[in-house]
Amino acid sequence: MNIEILTLFPGMCEAVLGESIIGRAQSLDLVRIRARNIRDYTKDKHRRTDDPPFGGGLGMVMQCQPIADCFRAVCDELGERPHFIYMSPQGKPLTQQRVKELAQLPSIALLCGHYEGVDERVIEALVDEEISVGDYVLTGGELPALVLTDAITRLLPGVLKADAAFIGESHWDGLLEQPHYTRPAVWEGMAVPEVLLSGNHALQEQWRREQQLERTRRKRPDLLE
Ligand code: SAH
């Protein structure tokens, strides 16, 4: 899968994506992730990519031309038009279900806004979908793009060590996952649940299911509705 991140701050993305599971997935060629600098595509002689809003107001607005040309360069290089997503607090809140669907696509491009956001016309002309990481506002779309990139990449075949290790995790089937414990069996007087030491797999499976339901009821009752 190809994931293209269109940003004014590619360094923010590269620093995060080079590490840990996502870094390994890239070196194994299970995913190709590229952060592109929108500024490289501006035709402005001062290399500007933003301007004050028409009609007044605070902040700066990212201009259409550099974004559109950057996206068209991505299309040319990939030889196909990736599904184009604008990371935006006005988008649909991201869910595991949407992550599963996006992970099936051959390529996606993620537009990161900054400052006040981007000129509405480039969204109308080119963007397929707006996605939010929650009902709050950040300074830029880079962290949301990294969130989405991470959530998608870990579902790609071969990325997690055990295939399908993500099945049964929180939000996979609408429930939260059961609690986890590791050695020692007693820590500062607190013992792990007996059933986990019993070696009885059927009982353990039943315990996991009960815990999932109990936790979801207690922590996120809205998920059960
Ligand atoms: N003026 C805009 C917010 C701009 S925030 C408004 O009120 O709707 C600057 C940029 O950060 C946005 O263009 C977007 O790319 C990103 N961003 C901020 N909060 C976000 C969120 N919750 N989810 C996804 N992207 C977000």
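We count ligands from 1, going down the list as the structure has it; atoms in each ligand are counted the same way.
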Check against side-chain contact (heavy atoms from CB on, under 4.5 Å), Glu4 and Leu110: CA-CA 6 Å; Glu4 294 273 347; Leu110 310 178; over 6 Å; no
For [atom], the protein heavy atom that lies nearest, with its residue and separation:
atom	result
atom 5 (S) of ligand 1	Leu138 O, 3.3 Å
atom 9 (C) of ligand 1	Tyr115 O, 3.3 Å
atom 17 (N) of ligand 1	Pro89 CD, 3.7 Å
atom 24 (C) of ligand 1	Ser88 N, 3.3 Å
atom 22 (N) of ligand 1	Tyr136 O, 2.8 Å
atom 23 (N) of ligand 1	Val133 N, 3.1 Å
atom 13 (O) of ligand 1	Tyr86 OH, 2.7 Å
atom 15 (O) of ligand 1	Met87 O, 2.5 Å

Checking heavy atoms under 4.0 Å, the part of Ser132 that sits near ligand 1 is both
How close do [X] and [Y] get, heavy atom to heavy atom, and via which atoms?
X	Y	result
Gly113	Val118	CA-CG1, 4.0 Å
Tyr86	Leu111	CD1-O, 3.5 Å
Ala25	Val159	CB-CG2, 3.8 Å
Ile38	Pro66	CG2-CB, 3.6 Å

Check this for me - ligand 1, [X], N or O atoms closer than 3.5 angstrom, yes or no?
X	result
Glu116	yes
Gly134	yes
Val118	no
Cys112	no
Ile131	no
Gly117	no

Do Leu8 and Met62 come close enough that some side-chain heavy atom pair is under 4.5 Å?
yes
Query raised in the report: Does some side-chain heavy atom of Glu120 sit less than 4.5 Å from a side-chain heavy atom of Val61?
Result: no
- Is Arg217 paired with Glu214 through a side-chain N to carboxylate O contact shorter than 4.0 Å? no
Q) Taking the non-hydrogen atoms of Thr139, is any one of them nearer than 4.0 angstrom to ligand 1? A) yes
### Query
So, does Asp135 sit close enough to ligand 1 that a heavy atom of it is under 4.0 Å from the ligand?
no
Any atoms of ligand 1 less than 4.0 Å from a non-hydrogen atom of [X]? List them with their elements.
X	result
Pro144	24 (C), 25 (N), 26 (C)
Gln90	6 (C), 8 (O)
Val137	5 (S), 19 (N)
Gly141	11 (O), 15 (O), 16 (C)

If you apply the rule side-chain hydrogen bond (donor to acceptor under 3.5 Å, both in side chains), what do you find for Tyr41 with Arg36, and how did you get there?
CA-CA 10 Å; Tyr41 297 86; Arg36 270 182 209 251; 3.0 Å; yes
| request: Decide yes or no on salt bridge (charged side-chain N to carboxylate O under 4.0 Å, His left out) for Glu124 and Arg121, but give the supporting numbers first. | output: CA-CA 5 Å; Glu124 262 172 47; Arg121 291 167 296 180; over 6 Å; no
Heavy-atom count around Asp173 CG within 6.0 Å, excluding the residue itself: above 12? yes
Note to self: Pair Leu148, Leu102 - check side-chain contact (heavy atoms from CB on, under 4.5 Å), show working.
What the structure shows: CA-CA 10 Å; Leu148 182 54; Leu102 292 171; 4.1 Å; yes
Between Gln206 and the options Glu210, Arg208, Gln204, Arg209, the side chain to side chain donor-acceptor pair (under 3.5 Å) test singles out Glu210
